[in-house]
Each structure stands twice: as C-alpha cells, then as structure tokens.
Amino acid sequence: MNEIAHEQEVVAARGVKVAFGAVRALDGADLVIRAGECVGLVGHNGAGKSTIVNVINGGLTPHEGTISYGGEVAQGITASRAHGVRCVFQELSLCPNLTVAENARVMHSDLTGTGWRKQALALVKQQLSDIFPGHTIDCESVVEDLTIAERQMVEIAISFGAVADRPRLVILDEPTSSLDAGLAGQLMAYVRRFVEAGGSVLLISHILGEILSTSNRIVVMKDGKVVADKPASQFQTRSLVEAMGSVVREQGSDRTARVRTGDAVLSKQLNPRSDSRLEAYAGEIVGLAGLGGHGQTEALLEIYLSANGNWWPTREPKMAFVAGDRGLNGTFSLWSILKNLSVSSLKALSSRSMISDGREAEVGDRWRKRIEIRTPDMDNPILSLSGGNQQKVLFARALVTTSKIVLMDDPMRGVDIGTKQEVYEILRSEASAGRTFIWYSTEMDEIRLCDRVYVFRDGAIAAELVGEEITEANVLAASFAGGVAV
Amino acid sequence: MKLSSGAIRLVIPAASLAVLLAAVFYMQPRAMSYTGLNLLFNLAVPIALATIAQMLIMSVNDLDLSMGTFVSFTACVTATFLQSSPAIGILILAGAIAAYAALGVIIHVRQLPSIVVTLGMSFVWGGLAVLLLPSPGGAAPGWVRWIMTAKPPLVPVAIVASVIIAASTHLLVMRSSLGVLIRGVGGNQRSVERAGWSIVWLRAAAYAMAGFFAVLAGIALVGLTTSADANIALRYTLLSIAGVILGGGEFVGGRVSPIGAVIGALTLTLAGSFLSFMRISPDWQIGAQGAILIVVLALRLFLNRLEKREKNR
C-alpha cells in the first residue's frame with residue numbers, strides 16, 4: 001500500500017468546514033484521493049457524504065479549509081472540471097428532453113465542430129459497450145424514452161467518456177441504485193479496470209459488498225468528520241458498520257414498555273412484492289428509519305392518501321401530516337402564525353361556515369403556551385419566527401386536529417437541539433394520551449425515541465426493530481445491504 | 001416500428017393541419033389555388049415568426065407576455081424609422097434585441113418570474129409604440145413590401161416563407177450545439193450548470209434570439225399591412241403561446257419543436273378562415289378557436305397516456 005501513498009494526489013480536501021445555518025454539514029473533514037485508487041465512502045444520513053462530494057466537484061464553497069486539484073489550490077465547477085473531475089449524481093442529472101448524443105454535448109464542452117453529433121454518438125456507443133457489453137440502448141433516442149436503468153447507464157458512460165482529456169477522478173454517488181445485479185457487476189469490473197489504468201474513482205454506495213470488493217481504501221464519515229480511513233482489506237462488513245456508528249453511546253432507556261391494546265389502528269402493505277406490513281397501535285411512536293430517499297416519504301404519502309383521499313376531503317380527517325420541507329409544503333409564508341396554526345382545523349373553529357375569531361384566538365393562545373412559540377403576538381407573520389419555532393407551529397397544526405394518527409416526514413431537519421427536546425416532550429405526552437405517531441427521521445437520536453422502528457431499504461421494509469432492539473448498530477446493519485443482521 | 005416521443009409529438013399538429021385544410025378545400029374548392037393558398041396563409045408568416053420567438057423563451061422554461069406589444073412596437077419602428085431613415089431604424093431594432101437579452105440576464109440573476117417581468121415590459125413596449133405612432137399610419141419600406149408580395153413560381157410566398165422559417169429554426173434550435181444547450185437549460189438547468197456552462201449567457205442568448213424573431217415578425221407584418229398601428233399585434237401574445245402548445249411544445253421541460261410551432265401557427269390562422277367559411281359569426285369565432293385548441297390538446301394528452309401505458313407494460 002506504500003506505493004499508493006506516494007502516488008500523485010488528484011484531489012485533496014483538507015480541514016473542510018461547511019455549515020447550513022445551525023447545522024454543521026462538514027466539521028473539519030479531510031479527504032485525499034490519489035491517482036490509481038478507488039476510494040469507498042460510507043456513512044449514515046447526515047454524515048456529510050454528499051456535502052463533501054459537492055465541495056470536491058466545485059458546486060459548494062467551503063467556509064474553511066482548502067481544496068486542491070493535483071496539488072494546485074483552486075475552486076469552482078470550472079476548475080474542478082478542468083482538472084478532470086467528473087461526477088455521477090445520485091439523482092439522475094441528464095436532460096430528459098435531449099437525445100443521448102445531445103446530453104454528451106452538454107457534458108463535454110470540447111465536443112465542437114460541425115461533426116459533433118457523429119462524434120458524440122460514437123463516443124457514447126464506444127463507452128457504453130466498454131462498460132456494459134451487450135447493452136441494447138438506442139443512442140439516438142431521447143433520454144425520457146429510456147428506462148431508469150438505461151438512463152443511469154448512459155450517465156455513467158458519458159462521465160467516463162472523454163474527447164480530448166481523459167477524466168482523472170470520477171465520483172459515483174450510488175451508481176447502482178437502479179441497476180440490476182448483472183449490470184452492477186459489469187460496472188464494478190469496469191471501475192477496477194479504470195483504476196488499474198491509472199484513473200481514480202470515489203464510490204458511494206449503500207451496498208457494502210460493492211464497496212468492500214471494489215475499493216482499495218475505505219473512508220468512513222460520521223457527523224461531518226472522517227472517522228476511519230484504512231485500506232479496504234482491513235475492513236469486514238461488521239467492522240464497517242461498527243465504524244459508521246458511535247463507539248459507546250447507549251443511552252439509558254427512557255422507554256416504558258407499552259402494552260399494545262386492541263387492534264392495530266393502521267395496517268398497510270406498502271410493497272406488493274413483499275408481505276411485510278406496516279402496523280401501528282394506539283399510543284405508539286413508530287419510526288421509519290434507513291438511508292434518506294429509500295421510500296420513507298413515499299410510504300408516508302401512500303398511507304396519508306389512502307386514508308384521506310386525493311380528490312375530496314373527508315369530513316373527519318383520520319390523519320394529520322407534518323411536512324418536512326417547511327418552505328416547500330409546510331408554511332403559508334404570507335400568513336400570520338395563528339392562521340398557519342389553525343388552517344387544518346377550520347371546520348371545528350367555525351359555525352355556519354364562518355370562522356369564529358374568538359375561538360381561533362383561544363386555540364392559538366392555548367397552543368402558544370403549551371408548546372412555547374416564542375412570539376409576542378400570534379398575528380405576526382410566520383416568517384418572523386426562527387426555523388425551529390416555525391416547525392413547532394406546524395406540529396401544533398397537526399396536534400390541534402382531532403386526528404388519531406400523525407404522520408411526520410423528517411420534520412426536525414435543521415432544528416436546534418433545545419427545540420427538539422421540547423417537541424420530543426410534547427410527542428411523548430400526546431402518545432400517552434392515545435395518539436399514534438408515524439415518524440420518518442434521518443437522525444438516530446430520534447429513532448431511538450420510538451417504540452418500534454421499520455428500517456427501509458430500496459423502497460421496502462428491510463427490518464422491524466422493537467424496544468431494546470432499536471440500536472444504532474441494528475439500524476445501520478439493516479440500512480446497508482449485506483450488513484450483518486441482528 | 002417504434003416512434004420516438006418527439007415524432008409522436010409532431011404527428012398530431014401535422015394531422016390537425018391536414019384535417020383543417022381538407023375541410024377548407026371541401027367547403028371552398030376555389031381555395032385550392034395559388035392565390036387561394038396565399039390568401040389563406042398570408043397572415044400566418046408574422047404569427048409563425050412570433051411563435052418561434054415565444055418558443056425560444058419557452059425552451060428555457062420562461063413565458064413572454066409582452067410578445068404582442070413588442071411585435072406592435074417593432075411594426076411601428078418598421079413603418080416609421082426603418083422606412084424613412086433605415087440606419088436609425090436598424091439601430092433601434094438592434095437596441096430592442098439587446099433589451100431582450102438584458103431581460104434574460106435580469107430574470108436569471110434576480111431569479112424573477114419571467115411572467116411578471118414581461119408583463120411589466122408589455123406596458124413599456126406598448127407605450128413606446130404609442131409614442132411612435134399615436135394614430136395608425138406610416139408606410140412599409142419598399143424592400144419589405146417586395147418580399148412579402150413576391151410571386152415565386154408554383155408555390156405561394158406564404159408557404160415558401162413558412163418552410164424557410166421552419167427549416168432554419170429547426171437547424172438553429174434542434175441541430176446546433178447552442179440550441180442543444182438552450183434546450184438543456186429547460187430540461188435540467190442544474191446538470192447544464194454542473195457541466196460548467198454559464199446559464200446567464202445561455203438564457204441571454206435565448207432571449208436575444210427570441211427578440212430577433214419577434215423583430216422579424218413585426219417587419220413581416222408591416223410588409224403585409226403596408227402601415228402600422230400601436231395595437232396592431234396585441235393578439236400575438238396569446239396566439240404565439242397557443243401556437244407553441246398546439247405544435248407539440250410544453251410549458252416546462254425544454255420540450256419544443258420549431259417545425260411544430262410553425263405548423264401550430266398555420267393551424268391557428270387556418271382555423272380562423274375555416275370558421276369564416278362555416279359562416280360562424282365573428283362573435284363566436286374566438287370561442288370556436290378555443291374549442292379547436294382544446295380538442296387538439298385533449299388528443300395529445302390521450303396519446304401521451306397511451307404511450308405511458310405502453311412503456312409500463
């Protein structure tokens with residue numbers, strides 16, 4: 001391994017710090033990638049994987065620390081591309097309205113001249129049959145006519161392809177998420193060949209088998225820092241999962257063993273292909289865990305729509321929904337705090353279709369005291385509140401209703417720790433009063449508060465953990481394919 | 001044979017144009033002549049140019065609500081300055097194109113909704129047009145008149161012009177690499193940005209090209225009408241949007257088709273004549289035109305759904 005250490009650096013990020021508001025996404029992370037190696041990057045939600053990828057490809061400027069390409073300190077998308085850094089993103093980033101060849105033109109600015117179409121076509125065809133021999137993709141078709149797997153293959157092929165200067169580092173962020181095992185195997189074999197020829201690859205994947213078999217070196221991130229950086233041969237699946245979790249942090253259980261009473265208030269089969277059902281009993285806090293984007297939000301939406309209907313509102317809503325993305329589908333940004341709070345329960349607050357101001361103000365006052373919304377006047381605009389307090393209002397909006405089930409779509413993202421503790425307190429008291437909470441969270445501390453946890457992977461339930469089984473190690477093991485089961 | 005989604009998008013506008021044309025010929029066989037065709041499609045030329053301009057704006061996911069007043073303004077410039085002192089006229093029109101490019105920059109840099117900015121600009125263009133020509137008047141420059149009334153052998157000038165417009169914009173928007181990049185901005189702005197392109201520059205280029213085609217629309221219109229008026233082309237805002245949609249374009253996603261847009265403009269013009277031949281009173285014509293639009297769009301949605309079902313199977 002020594003000769004690799006002396007090889008030339010392709011990219012080096014040193015002491016990088018990035019903060020989004022109160023959240024520290026990267027807290028002094030170091031990542032050096034040298035020529036001729038495949039680095040595996042693993043970590044749980046919020047560990048900072050995507051952030052460091054964005055720093056390396058120039059899309060994000062770090063608040064502290066340096067980025068150098070080939071020993072030369074530089075910044076920005078243009079600089080990183082000039083130094084041969086290419087990136088295949090987790091969400092597909094082709095233009096769906098363009099053909100395969102036209103997308104290659106967008107990605108490769110050196111495809112110029114009158115014959116660029118022919119050149120681009122030849123390039124993609126060549127690269128596709130190099131990586132995925134035997135593929136059946138028609139390179140002249142528009143990207144939106146391709147299947148998801150084909151689009152991913154095209155994107156990978158375009159990124160590895162080169163007109164004049166070959167890519168030196170290709171970042172693959174979950175490249176196999178929509179490929180079947182055979183195609184994934186072809187890709188991993190190509191990555192190994194590419195690395196042997198002197199290129200480097202940064203590989204991010206939730207399938208630990210891929211990481212272990214393909215990488216030369218594995219970097220483990222946690223809480224915005226690099227916690228382990230060792231040759232792949234020194235890791236096994238189990239030690240990798242352990243490295244991602246915290247070493248010793250088993251909190252004293254404040255969970256009281258709750259006796260399930262009666263029938264499940266909710267029982268739903270989410271995936272027609274598996275028989276695992278999502279169930280919830282009265283007074284339970286059910287957690288949905290797993291890596292972000294593995295079907296948790298979709299599951300919540302499916303549950304919500306199946307109960308409340310898409311077309312016509314039901315008279316007595318059975319469920320309330322607390323949105324995760326405040327700006328996108330949470331707050332009414334032009335309304336006052338009070339109106340934001342009461343909007344879900346207007347029917348109960350009105351007589352003869354007219355909203356009773358007195359009753360609305362009374363409800364607002366009660367909830368302001370109960371959840372301590374920090375404002376002198378509930379008629380102030382919602383945006384005058386801090387993010388955490390806005391989130392509290394959204395919580396109150398759901399709790400004011402008579403719904404017995406509350407669905408939460410990772411609502412505590414970017415909320416400060418003090419507010420979180422207050423909300424946890426309210427959750428517990430509401431649950432003991434008989435309400436059921438179904439809570440998708442990307443944070444381990446919140447998952448540990450739950451009575452029962454479903455771990456999602458690839459859009460399906462991968463494991464169900466109850467009571468004392470809910471530990472970070474178990475959740476991690478179930479989130480990563482090939483992880484050690486309990 | 002498997003058709004690409006782009007080809008399917010072109011089938012419906014072409015078919016609806018053919019059906020309308022057949023209906024017109026059936027009702028009025030005398031339209032099936034050199035003069036008849038020219039009369040039917042004469043007014044389609046400026047509309048087609050304005051539709052192309054609108055399509056360029058729509059290809060970067062924006063919408064231009066000032067198209068009608070801008071074309072009126074350029075028509076007024078054509079009928080006054082371009083006719084009396086060509087140098088100043090060309091300078092004004094070039095300035096108008098530069099203003100369009102600047103609009104693209106402002107919309108992108110300040111992240112403003114294009115609808116609001118162009119709606120505001122429509123009053124500016126409208127005001128400038130009234131300042132130039134407070135009452136209808138002016139005259140068409142001789143060369144413009146000559147082009148628009150030319151009599152090429154066999155095929156009338158309206159058809160020749162439409163084919164030239166469709167072919168040249170097809171080359172520009174669908175085949176050239178600038179066109180690819182502009183449509184890429186509409187399809188997935190983030191990925192174009194990540195590939196190292198300047199979105200500001202691309203948006204400015206799209207707006208400038210739109211301004212250029214809108215200027216051509218104004219000039220062509222004056223060539224037909226021989227004089228101008230500040231309100232001459234107000235309908236063009238909605239006609240151009242309808243033309244793009246009718247021709248298979250979409251409001252978002254960079255899905256546009258120049259050939260389709262020209263066909264859409266021809267269809268809209270023909271729809272007006274068709275309704276006159278049907279002896280439908282002008283009061284009802286706008287409603288009937290809307291009905292035609294709805295029928296064509298419904299057909300397209302139906303085809304899209306069929307296609308999706310095919311894909312899922």
Side-chain angles (χ1 to χ4, degrees), chain A residues 53-54 56-60 76-89 91-120 138-148 150-151 154-155 158-159 171 173, chain B residues 1-10 55 58-61 111 170-171 173-202 244 248-258 260 303-304 306-308 310-313:
Chain A
V53 165
N54 275 326
I56 288 177
N57 73 24
L60 204 64
I77 294 178
T78 333
S80 95
R81 284 196 70 82
H83 286 89
V85 177
R86 302 285 163 74
C87 199
V88 178
F89 291 92
E91 82 278 23
L92 296 168
S93 58
L94 297 170
C95 298
N97 57 331
L98 303 183
T99 68
V100 173
E102 287 171 343
N103 266 292
R105 173 73 185 87
V106 171
M107 294 296 166
H108 295 287
S109 50
D110 42 4
L111 268 175
T112 46
T114 41
W116 66 266
R117 237 161 238 280
K118 229 174 247 164
Q119 232 181 315
D138 175 12
C139 291
E140 290 181 45
S141 57
V142 179
V143 167
E144 65 189 332
D145 291 344
L146 302 176
T147 64
I148 303 278
E150 285 173 336
R151 291 183 205 187
V154 165
E155 191 177 348
I158 290 177
S159 298
I171 302 170
D173 190 350
Chain B
M1 194 185 78
K2 198 171 150 281
L3 280 171
S4 74
S5 53
I8 290 177
R9 213 168 274 143
L10 260 183
M55 185 201 74
M58 281 163 81
S59 68
V60 290
N61 291 352
Q111 293 289 308
H170 180 79
L171 273 183
V173 177
M174 303 308 280
R175 305 294 298 176
S176 82
S177 48
L178 178 63
V180 166
L181 289 170
I182 287 175
R183 282 183 296 130
V185 172
N188 190 341
Q189 178 170 323
R190 223 152 52 124
S191 88
V192 179
E193 204 166 8
R194 277 169 176 166
W197 299 99
S198 153
I199 307 290
V200 180
W201 195 88
L202 287 173
V244 176
E250 274 167 44
F251 281 110
V252 287
R255 294 188 185 89
V256 293
S257 155
L303 264 195
N304 281 356
L306 272 187
E307 197 189 350
K308 208 169 266 172
E310 197 99 315
K311 210 185 276 179
N312 286 343
R313 216 165 31 192

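Every heavy atom of this structure was used, including side-chain atoms; hydrogens, water molecules and symmetry mates were not. Below, chains carry the letters A, B, ... as their sequence lines are ordered, and counting in each starts from 1.
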**Study point:** Top contributor to chain B contacts, counting heavy-atom pairs under 4.5 Å, from Thr78(A), Val106(A), Thr147(A), Val143(A)
**Key:** Val106(A)
Point to revise | Non-hydrogen side-chain atoms of Thr112(A) and Ser177(B) separated by less than 4.5 Å | key: no
**Study point:** Side-chain touch Glu102(A)/Arg183(B), heavy atoms, less than 4.5 angstrom
**Key:** yes
Exercise for review: Measure distances from Leu111(A) to the heavy atoms of chain B and classify the residue's part below 4.5 Å as side chain, backbone, both or neither.
Suggested key: neither
From [atom1] ([X]) to [atom2] ([Y]), nearest 0.5 Å:
X	Y	atom1	atom2	result
Ser59(B)	Asn97(A)	OG	CG	9.0 Å
Leu98(A)	Ser191(B)	CG	OG	8.0 Å
Ile77(A)	Arg194(B)	CD1	CZ	8.0 Å
Arg81(A)	Trp197(B)	CZ	CH2	9.5 Å

Review point. If only atom types and distance count, is the side chain of Asn188(B) paired as donor or acceptor with the main-chain N or O of Pro96(A) below 3.5 Å?
Key: no
Point to revise | Any donor-acceptor pair under 3.5 Å from Arg190(B) side chain to Ser93(A) backbone | key: no
Study note, to complete from the structure: Of Gly184(B), Ser176(B), Ala195(B), the largest count of non-hydrogen pairs under 4.5 angstrom with chain A goes to Ala195(B)
Review point. If every non-hydrogen atom of Val180(B) is compared with every non-hydrogen atom of Arg117(A), which pair is closest and at what distance?
Key: CG2-NH2, 3.9 Å
